[in-house]
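Position 1 is the first residue of the sequence; numbering continues from there.
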Amino acid sequence: MPVPLKPLFDELARANRILAHEGIMDAFGHVSVRNPDNAARYFLSRAIAPDLVLAGDVREYTLESEPVQQNDERHYIERVIHGEIYKARPDVMAVCHHHAPEILPYAITGTELVPVFLMAASMGQKVPHWDQRTEFGDTNLLVSKPEEGRSLARALGPNWMVIMSRHGATVAGRSLREVMFRTYYSIRNAALLTQAKALGEVKALSVGEIEQSGDTNLQPGQLARAWDYWSQRLEHSEIKSGKKTAGARRSKTPVKSKGRKRK
Ligand SMILES: [Zn+2]
């Protein structure tokens with residue numbers, strides 16, 4: 001039975017708006033999901049700011065990052081990040097690329113990002129750094145060519161997150177909710193680590209703590225709880241700002257969001 005796509009598109013659109021609402025993305029950044037019925041395709045919004053993404057903006061791409069429906073609309077320049085990671089990692093079902101300010105000091109200095117509190121264990125034991133300059137010299141810093149996306153995917157390797165020098169980070173997951181959880185708490189972790197370093201010696205999670213706490217954090221109930229919380233905050237904000245009418249259905253799990261009119 002094919003997976004119905006409308007709820008998936010609603011959830012992907014909502015994920016974009018949550019990432020904007022939580023301050024992780026501004027006008028830039030994107031999140032995608034692999035097509036659950038066709039591993040050789042993925043879904044990503046057309047090129048608009050994450051806060052504006054609705055289900056109708058979701059487009060399908062091949063793993064070469066070519067739009068399945070050819071037309072003259074704009075697509076994200078950096079979509080090869082998604083296509084090349086899906087190609088390299090059959091276990092990955094969702095990818096998020098962002099330039100969150102809490103991560104940038106690590107991307108600028110090359111400082112190691114280690115998990116230092118329980119909610120960040122899902123980052124895993126290693127967060128590699130990728131420097132585009134090493135392989136490609138001076139570029140415009142965008143990951144826009146397939147070979148650049150492949151290089152990034154190689155740097156990610158078997159890990160779940162890669163920091164991109166002078167640019168941002170890319171996070172992978174086995175589901176959209178997992179990638180949202182890992183993205184959100186890795187950013188929280190980066191802020192906490194920066195603050196903790198100013199106070200004194202940092203004691204990171206042990207390998208055993210990362211394994212055990214990571215497994216606990218990624219249980220479906222935990223992921224749903226976090227998703228519902230972010231979703232509710234978004235909904236309140238959208239009602240308050242007039243983007244959504246009061247009394248609209250709350251977006252509990254499973255998400256049954258109603259469309260909203262774009263101004
Ligand atoms: Zn970028």
Side-chain angles (χ1 to χ4, degrees), residues 15-16 18-31 49-51 76-78 80-82 85 94-144 148-149 151-173 178-207 209-210 213-214 217 226 230 233:
N16 275 273
I18 287 172
L19 290 163
H21 183 247
E22 298 297 335
I24 293 167
M25 292 181 181
D26 48 21
F28 301 95
H30 21 85
V31 57
D51 188 45
Y76 291 126
I77 295 168
E78 295 195 295
V80 295
I81 291 173
H82 302 262
I85 288 176
V95 173
C96 176
H97 169 61
H98 66 81
H99 313 148
E102 295 87 343
I103 293 284
L104 261 295
Y106 295 84
I108 291 165
T109 61
T111 303
E112 195 180 359
L113 183 64
V114 291
V116 290
F117 87 123
L118 79 165
M119 303 307 287
S122 67
M123 283 165 50
Q125 289 174 30
K126 185 172 166 58
V127 178
H129 283 252
W130 177 72
D131 191 335
Q132 194 163 353
R133 196 184 286 166
T134 305
E135 204 170 325
F136 302 100
D138 289 343
T139 65
N140 64 2
L141 285 164
L142 293 171
V143 183
S144 56
E148 292 167 339
S151 173
L152 178 67
R154 277 196 301 275
L156 175 69
N159 305 292
W160 291 110
M161 176 175 175
V162 56
I163 294 180
M164 302 153 73
S165 296
R166 304 172 297 284
H167 183 156
T170 296
V171 186
E178 183 179 307
V179 91
M180 292 289 284
F181 191 98
R182 185 171 287 122
T183 298
Y184 181 90
Y185 283 111
S186 60
I187 290 167
R188 276 275 180 97
N189 185 86
L192 289 167
L193 179 54
T194 305
Q195 290 169 10
K197 282 182 172 206
L199 285 179
E201 186 193 351
V202 169
K203 291 176 183 165
L205 301 193
S206 68
V207 171
E209 286 170 340
I210 291 170
S213 187
N217 286 343
W230 295 319
R233 280 165 55 84

Check your understanding: If you count the non-hydrogen atoms of other residues, nucleotides and ligands that lie under 6.0 Å from CG in N140, is the total more than 12?
Key -> yes
Review point. Distance-only, no hydrogens or angles: does the Y76 side chain make a donor-acceptor pair with backbone N or O of F28 under 3.5 Å?
Key: no
Check your understanding: Between the side chain of H129 and the main-chain N/O of T111, is any donor-acceptor distance below 3.5 Å?
Key -> yes
**Study point:** I187 CD1 to E22 CD distance, which is reported to the nearest 0.5 Å
**Key:** 10.0 Å
Check your understanding: Counting N and O atoms only, with roles assigned by atom type, does the side chain of E102 sit under 3.5 Å from a partner on the main chain of R188, one being a donor and the other an acceptor?
Key -> no
Practice item. Could you grab the distance from atom CG of D138 to atom CD of Q132, nearest 0.5 Å is fine? Key: 10.5 Å
Check your understanding: What residues, two or more places apart in sequence or in another chain, satisfy side chain to side chain donor-acceptor pair (under 3.5 Å) together with H167?
Key -> E78, H97, H99
Exercise for review: Take W160 and S122 through the test side-chain hydrogen bond (donor to acceptor under 3.5 Å, both in side chains) and record every step on the way to the result.
Suggested key: CA-CA 8 Å; W160 291 110; S122 67; over 6 Å; no
Practice item. Only counting residues at least two apart or in another chain, list the ones meeting side chain to side chain donor-acceptor pair (under 3.5 Å) with D131. Key: R166
Exercise for review: Using modelled atom types only, decide if a donor and an acceptor are shared between the side chain of N159 and the backbone of L156 within a distance under 3.5 Å.
Suggested key: yes
Revision key, fill the gap. Distance col, row L104:CG vs I163:CD1, nearest 0.5 angstrom, shows 10.0 Å
Practice item. Check whether any side-chain N or O of S213 sits under 3.5 Å from a backbone N or O of I210 as a donor-acceptor pair, and report yes or no. Key: no
